[in-house]
Amino acid sequence: MKQIFTNLADIIFPPKCIGCGVVFDGNNSHFCGHCFAKINFIKSPLCHCCGIPYLGDEESNHLCGNCISTKPHFISARAVGQFDGVLLDAIHQFKYRGNIAIGKALGELMAENEYPSLNIKEYSLIIPVPLHLKRLKERGFNQSAILAKTLAKKFRMPLDITSFKRCAYTEPQVRLKKQEREANVKGAFEVTDRRKIAGQKVILVDDVYTTGNTVKECARMLVKNKAEQVAVLTLARVI
Ligand SMILES: [Zn+2]
Ligand SMILES: [Zn+2]
């Protein structure tokens, strides 16, 4: 029955590529073949902690210099692809133009992707990087929460959007210089209900991993509040 409705919906609303808008035979993908081929998927070899891919001649996963000098509180950070081209355009349409349908499709892309040495099924709770209430009112939605909700649904995992909050209204990280970013998010997050976090293996979801300062600070707070383990999952990563 569900299949009939899906087929009917495809006739009335034919699937459009979220990259270029062309109508195409969906085949469970939200990108047409042309756009899909242009996504720079992140694969091994990479830093097995922060997930930065090695584009040189390294052969296996190992810790990068940054993670050796300052070990993050998360065990691993993984992203679907590099923050460029079709993925960058799709994220902008979602985040800044409020195209929620694209956000849901991107969440499905995150759920369907395979990540080197990260098995989402081994985790117990999904938490999005929270937005401050003021920013939430400005934007009207939390892009990370939409991605996290889609992931939670696909993996039938609990989603918690209430026990972890952004308590400080900070400048958007993109407007700041590299050195200012770490200080900007320091102390910006709080756990409001420790009982919900303690002992959990958390998948922390964000849209883009830029310098990693935001998710590093989130992971620090979650671990401080007795989360057993934190892994970070983002749609895209700046290389
Ligand atoms: Zn396309
Ligand atoms: Zn690293």
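Whatever order the structure lists them in is the order used to number ligands and atoms, beginning at 1.
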Within this structure, what is the NZ-OG distance for the pair K201 and S124, rounded to the nearest 0.5 Å?
7.5 Å
Spacing of CG belonging to L131 relative to NZ belonging to K165, to within rounding of 0.5 Å
12.5 Å
Are R166 and F189 in a cation-pi contact, defined as NZ or CZ under 6.0 Å from the six-membered ring centre and within 45° of the axis?
no
At less than 2.8 Å, would any N/O/S atom of H48, backbone or side chain, sit next to the Zn ion (ligand 2)?
no
Between the Zn ion (ligand 1) and H34, is there an N, O or S atom separated by less than 2.8 Å?
no
Give a yes or no on whether the ring-centroid distance for Y54 and H62 is below 6.0 angstrom.
yes
Given atoms SG of C20 and SG of C32, what angle do they subtend at the Zn ion (ligand 1), to the nearest 10 degrees?
110°
Evaluate the salt bridge (charged side-chain N to carboxylate O under 4.0 Å, His left out) criterion for residues K154 and E112: first the C-alpha distance (whole Å), next the side-chain angles of each, then the deciding distance (0.1 Å), finally the verdict.
CA-CA 9 Å; K154 283 264 173 187; E112 285 152 14; 3.8 Å; yes
Roughly, to 10 degrees, what angle do C47 atom SG and C67 atom SG form around the Zn ion (ligand 2)?
110°
N/O/S atom of C64 under 2.8 Å from the Zn ion (ligand 2), yes or no?
yes
